[in-house]
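Each remark here refers to the structure printed beneath this line.
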Amino acid sequence: MSVTERVRAPRPVRLGPKSVAALVLVSAVGVVAFGWPLLAGSGSGLAHAQDAPWLFAALLPLLVAVVVATISESGMDAKAVAMLGVLAAVGAALRPLGAGTAGLEPMFFLMVLSGRVLGPGFGFVLGSVTMFASALLTGGVGPWMPFQMLSMGWFTMGAGLLPGADRLRGRAEPAMLAVYGSVAAFAYGTIMNLYGWTIVPGLGSGISFVAGDPLNENLVRFLAYCAATSLGWDLGRAALTVVLTLTVGPTLLKALRRATRRAAFDARVGFEES
């Protein structure tokens with residue numbers, strides 16, 4: 001009697017029901033955390049300067065819950081955790097290379113490609129863990145860190161939600177990822193501006209946050225704030241992401257897919273008699 005081993009073809013890490021629930025929960029908390037100052041009353045005394053430490057304590061357990069739910073339901077074994085650690089370490093090491101230089105942050109293109117190959121669940125965890133590791137590496141730990149973790153998690157997860165993961169290949173795929181990377185790079189900067197806008201003192205009257213003002217007026221001020229303070233940085237980040245995705249992207253996509261196939265994260269091993 002012989003025994004033959006059947007291994008199912010590997011596929012990207014998938015989200016289970018618990019993972020989706022945890023991800024929706026932490027994203028909902030994040031949306032409220034970023035957006036509620038626009039709707040706060042003028043007499044409430046609320047500002048991110050007061051709520052950020054509490055949000056720090058609330059978001060990190062939720063992010064950990066996403067990790068645990070993803071590992072337990074999506075079949076992330078030791079190999080997947082090892083890949084998560086390697087990619088997070090590389091991303092954290094890449095981030096300081098462009099710090100302070102017109103927003104040139106090479107880690108963003110790595111997050112786009114990793115999210116594309118490994119899927120939205122793995123991508124969200126990777127983006128969050130990478131930003132956390134980067135903050136520890138650069139000494140950037142503070143009340144802004146959970147906001148950065150959440151924003152980068154969304155950024156990387158979005159790449160995993162793009163269509164055609166099993167069919168789109170060739171030049172079209174890097175082109176699509178480059179477009180996504182450029183748009184998402186601006187979106188990341190804009191979302192983080194929404195956090196910083198409410199706590200930066202001494203802004204001009206035309207761009208300052210005014211609690212309790214009508215939403216449309218504060219939005220106009222916010223757009224003016226983005227244009228005056230970070231548009232150049234966002235443009236540099238988007239441009240570098242596009243260039244690296246189009247030049248290095250095809251090679252790195254192949255390498256990530258090859259590593260995923262060999263690791264067979266999602267494979268099930270079964271035995272049958274023959």
Side-chain angles (χ1 to χ4, degrees), residues 15-70 108 111 115 120-132 134-135 140-161 180 183-201 203 207-226 229-230 234:
L15 290 171
K18 292 181 181 179
S19 303
V20 172
L23 188 55
V24 169
L25 177 60
V26 72
S27 294
V29 171
V31 169
V32 173
F34 276 110
W36 65 260
L38 292 174
L39 305 177
S42 58
S44 66
L46 297 176
H48 276 104
Q50 284 73 44
D51 79 37
W54 298 102
L55 183 64
F56 185 96
L59 270 182
L60 287 182
L62 290 173
L63 293 172
V64 172
V66 173
V67 177
V68 172
T70 302
F108 279 79
M111 295 296 102
F122 193 102
F124 182 85
V125 174
L126 173 62
S128 301
V129 172
T130 300
M131 193 57 72
F132 179 76
S134 173
V141 177
W144 55 85
M145 190 177 73
F147 292 90
Q148 292 176 328
M149 292 173 63
L150 187 59
S151 298
M152 186 58 68
W154 286 337
F155 179 94
T156 312
M157 179 181 67
L161 293 172
Y180 169 79
V183 174
F186 276 101
Y188 174 87
T190 301
I191 291 172
M192 286 307 302
N193 281 340
L194 189 55
Y195 161 74
W197 178 52
T198 61
I199 62 174
V200 176
L203 296 176
I207 61 175
S208 295
F209 169 68
V210 181
D213 265 20
L215 176 61
N216 62 319
E217 294 183 12
N218 265 329
L219 283 177
V220 170
R221 294 190 185 100
F222 175 64
L223 292 177
Y225 170 81
C226 291
T229 61
S230 67
D234 295 341

Inset, instruction - Decide side-chain contact (heavy atoms from CB on, under 4.5 Å) for Arg221 and Trp197; before the verdict, give the C-alpha distance in whole Å, the side-chain angles of both, and the deciding distance to 0.1 Å. - result: CA-CA 10 Å; Arg221 294 190 185 100; Trp197 178 52; 3.9 Å; yes
Inset, instruction - Go through the structure and list residues passing side chain to side chain contact (heavy atoms under 4.5 Å, CB included) with Ser151, not counting sequence neighbours. - result: Phe34, Tyr188, Ile191, Met192
Side chains of residues 20-29: which donor-acceptor partners sit under 3.5 Å, not counting sequence neighbours?
residue, atom, partner, partner atom, Å
Ser27, OG, Leu23, O, 2.9
Ser27, OG, Trp154, NE1, 3.0

Inset, instruction - Using the six-membered ring wherever Trp is involved, compare the ring planes of Phe155 and Phe108 and label them parallel, tilted or perpendicular (cut-offs 30° and 60°). - result: perpendicular
Inset, instruction - Considering non-hydrogen atoms only, spot the tightest contact between Pro120 and Gly160 and give its length. - result: CD-O, 3.5 Å
Legend entry - Those residues that, when tested against Leu219, pass side chain to side chain contact (heavy atoms under 4.5 Å, CB included) (two or more places apart): Leu38, Leu215
Inset, instruction - State, to 0.1 Å, how close Thr190 and Asp234 come at their nearest heavy-atom pair, and which atoms those are. - result: N-OD2, 4.3 Å
Legend entry - Gap between atom CZ of Phe222 and atom CG of Leu194 - 0.5 Å precision: 4.5 Å
Legend entry - Ser134 OG to Met149 CE distance, which is reported to the nearest 0.5 Å: 11.0 Å
Inset, instruction - Supply the atom-to-atom distance Tyr225 OH to Asn218 CG, rounded to the nearest 0.5 angstrom. - result: 13.5 Å
Legend entry - Reported CE-to-CG distance for the pair Met152 and Leu126, which is rounded to 0.5 angstrom: 9.5 Å
Inset, instruction - State, to 0.1 Å, how close Asn193 and Cys226 come at their nearest heavy-atom pair, and which atoms those are. - result: ND2-SG, 3.4 Å
Legend entry - Shortest non-hydrogen separation from Met111 to Gly127 and the atoms involved: SD-CA, 4.1 Å
Legend entry - Residues which pass ring-ring contact (aromatic ring centres under 6.0 Å, His included) with Phe186, listed by chain and number, not counting sequence neighbours: none
